[in-house]
Amino acid sequence: EADIYQTPRYLVIGTGKKITLECSQTMGHDKMYWYQQDPGMELHLIHYSYGVNSTEKGDLSSESTVSRIRTEHFPLTLESARPSHTSQYLCASSLAGAETQYFGPGTRLLVL
Amino acid sequence: AQSVTQLDSHVSVSEGTPVLLRCNYSSSYSPSLFWYVQHPNKGLQLLLKYTSAATLVKGINGFEAEFKKSETSFHLTKPSAHMSDAAEYFCVVSDSGGGADGLTFGKGTHLIIQP
């Protein structure tokens, strides 16, 4: 399995709370990604990064924000969680110039 | 623009029988194509990928897929299903040469293995 980790794996939280989903990889990959996946649906790219201090928005608009201060770390933050944010969030990484992405186990978020 | 259509949302087969998961794509350029598998509570794992070399691609766990340009298809097959194959399978296309926004995922096919 790829060396990419996500915490927490499951999170149940109330509306209005600030949350941060953690993603770390130990493969030295420059590129990292966040996807959102609703049950039975395809993955949608919400954020990506080419490397340190690089962050870009993906195809699907999201109220979340990301940061990339270190190569191995790409956290995603929601300032004020809402029930519409309930979903699974998957983190991935890849080598620069490579198409193959390696995925973490995902975080299942439930906002009440 | 690129797109992926997985023709079956659910496929059910008996253990020991062949598996066929169907995928059609559209792409403006020469695409790269992937199949990923997602077991319950796990991340996506790469099964195999096609990148303009041999059209028949062999992957892990006995899976293979054939790229057919004339049919714009990239179906996934396995000769004999095993209980451990039960999972969600995603067909993925990329035509941007590795650009960060270049992957397009299908909606997934849920493979059920009957004992």
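Here is how names work: the chains are called A, B, and so on, in the same order as the sequence lines, proteins then strands, and each is numbered from 1. Remember, predicted model here, so these are calculated numbers, not experimental data.
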Cluster question for you: counting only ILVMFWY and a side-chain heavy-atom cut-off of under 4.5 Å, with indirect links fine, are A/Leu60 and A/Trp34 together?
yes
When rounded to the nearest 0.5 Å, the distance separating NZ of B/Lys107 from CE of A/Met41 is 4.5 Å
Closer than 3.5 angstrom, by distance alone: can the side chain of B/Tyr36 be matched with the main-chain N or O of A/Gln101 as a donor-acceptor pair?
yes
When rounded to the nearest 0.5 angstrom, what distance separates OG1 in A/Thr100 from CZ in B/Phe34?
4.5 Å
Would a single hydrophobic cluster contain both A/Ile4 and A/Ile46, if residues Ile, Leu, Val, Met, Phe, Trp and Tyr are joined by side-chain heavy-atom contacts under 4.5 Å?
no
Can you hop from B/Val11 to B/Leu48 via hydrophobic side chains spaced under 4.5 Å?
yes
A/Tyr35 to B/Leu103 - nearest heavy-atom pair and separation:
OH-CD1, 3.8 Å
To the nearest 0.5 Å, what is the distance between CG (A/Leu45) and OG1 (B/Thr104)?
9.5 Å
Among the options B/Lys49, B/Gln38, B/Glu88, B/His110, pick out the one with the most heavy-atom pairs lying under 4.5 Å from chain A.
B/Gln38
Is it the side chain or the backbone of A/Gln88 that comes within 4.5 Å of chain B heavy atoms, both, or neither?
side chain
Region of A/Gln37 in contact with chain B, defined by heavy-atom distances below 4.5 Å:
side chain
Within a strict 4.5 Å, meaning less than it, do heavy atoms of the A/Tyr102 and B/Leu46 side chains meet?
no
B/Leu56 CG: over 12 foreign heavy atoms closer than 6.0 Å
yes
Pairwise distance CD(A/Glu42) to OG(B/Ser3) - rounded to 0.5 angstrom:
11.0 Å
Find out if a path of hydrophobic residues (ILVMFWY) with successive side-chain heavy-atom gaps under 4.5 Å connects B/Leu20 to B/Met83.
no
Bottom line for A/Leu90: the part with an atom under 4.5 Å from chain B's heavy atoms is side chain
Joint cluster assignment, A/Phe103 & B/Phe90, ILVMFWY side-chain distance < 4.5 Å
yes
